Amino acid sequence: RQSTVIITGASSGVGLQAAKALANRGQWHVIMACRDLIKAEKAAKSVEMPTNSYTLMHIDLGSLESVRQFVNNFRATGKTVEALVCNAAIYMPLLKEPLFSPEGYELTVTTNHLGHFLLCNLMLPDLQKSPAADKRLVILGTVTHNPDELGGKIPPRPDLGNFEGFAAGFQDPITMIDGKKFEPVKAYKDSKVCNVLTMRELHNRFHQSTGITFSSLYPGCVATTALFRNHYPQFQKLFPLFQKYITGGFVTEELSGERVAMVVADPEYKQSGIYWSWGNRQKKDGTSFVQKVSPQARDNEKGNRMWDLSYQLVGLG
Ligand code: NDP
């Protein structure tokens, strides 16, 4: 019997390669949840995914209404779901002025965190409903969420403060979770801290009662993906070389996708509440390990506050 995995942002980079890796295993049908279905179809063809191994479905994580619509559309297919991978993200380091979602929330935090937070909450009953013994929800993390690690030390550092921006309604002119001045790189890092907090809260709240495995991973520095499309052209040229020859953090898109597929499907990764990493200085044949998440991302009080405020902002509360 085939299992179904939903992967957000499967039209490029890590998500596309994860879709390919899972489809190639044979026992997985992949729902590619993407904002641009024409691009996604081309992407699936470009990596030679067998036609019957995937289904394209529209989602715009930058719109909460679209996330709800996606869930309705998915339910209408009558399929069960055994795994959900929250992978889509935007990173817009050169933005001078913030962009906003249709709900009026800053777009990076909406796309990377709030959209996925809503999706996870709405899909939980669907994961629960599947009769499969092994069900997983995986959220992509990143080294830059963690100032305790080399890759996370470069300023600006993520800082959720006491969620002053969320508590004040997170509408223009408020653009940051901590309520401070708009900083697009920090917005990305803050959103990734929220991704890890969300995984940990899901584990704390639902693992025991549902048996679902909740986990996160740092797939390595995948310096060639389109994530850096909004950076200076010079950066896009030099960053992969820097990661390859200086930090040693470079991994190929294929390998990053394989790593996501392993966390979704392999028995070694069935433990819940875990953040997996292969380290930032890759060794050949390096193995994964359980990595301690950043002080903010392991703060249960912050987790609770993130949960309550996000719950209200996405309209669940
Ligand atoms: P890419 O930019 O290559 O892929 C991002 C994907 O997200 C694309 O498919 C993109 O769609 C999709 N996406 C963006 N906005 C939306 C939206 N509003 N609705 C639906 N889909 C959307 O980036 P990566 O593959 O590098 O990143 C994937 C994940 O891996 C992210 O969570 C990132 O934080 C994480 N990561 C990446 C690292 C790296 O070095 N690259 C390192 C650590 C973590 P479209 O194709 O239409 O643009």
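Both counts, for ligands and for their atoms, begin at 1 and track the order of listing. Model, not experiment: these values are computed from the prediction.
- Ranking protein heavy atoms by distance to atom 6 (C) of ligand 1, first place goes to Gly9 O, 3.6 Å.
- Taking atom 37 (C) of ligand 1 as the reference point, the nearest protein heavy-atom neighbour is Leu227 CD2, 4.0 Å.
- Within the 4.0 Å heavy-atom cutoff, Gly141 counts among the residues contacting ligand 1.
- A salt bridge does not link Lys292 to Asp148: none of the charged side-chain nitrogens sits closer than 4.0 Å to a carboxylate oxygen.
- Counting only heavy atoms of the protein, atom 41 (N) of ligand 1 lies nearest to Val222 O, 3.1 Å.
- Each of Tyr275, Trp276, Phe289, Phe214 was scored for a ring pair (Phe, Tyr, Trp, His ring centres under 6.0 Å) with Tyr269, with one residue passing: Trp276.
- Taking the charged nitrogens against the carboxylate oxygens, Glu41 and Lys45 do have a contact shorter than 4.0 Å, which makes a salt bridge.
- Under a 4.0 Å N-O distance rule, the pair Arg25/Asp266 qualifies as a salt bridge.
- Ligand 1 has no nitrogen or oxygen under 3.5 angstrom from a nitrogen or oxygen of Phe228.
- Short contacts between ligand 1 and Cys221, defined as distances under 4.0 Å to a heavy atom of the residue, involve ligand atoms 40 (O).
- When only non-hydrogen protein atoms are considered, atom 42 (C) of ligand 1 lies nearest to Gly220 O, 3.4 Å.
- Atom 2 (O) of ligand 1 has Arg229 NH2, 2.7 Å as its closest protein atom, hydrogens excluded (heavy atom only).
- Shortest contact from atom 33 (C) of ligand 1 to any protein heavy atom: Tyr188 OH, 3.6 Å.
- On a distance-only criterion, Asn87 and ligand 1 share at least one N/O pair closer than 3.5 Å.
- Protein heavy atom nearest atom 11 (O) of ligand 1, with residue, atom name and distance: Ser11 OG, 3.3 Å.
- Listed by number with element, the atoms of ligand 1 under 4.0 angstrom from any heavy atom of Ala88 are 7 (O), 12 (C), 13 (N), 21 (N), 22 (C).
- Residue contact check for ligand 1: Ile90 places a non-hydrogen atom closer than 4.0 Å to it.
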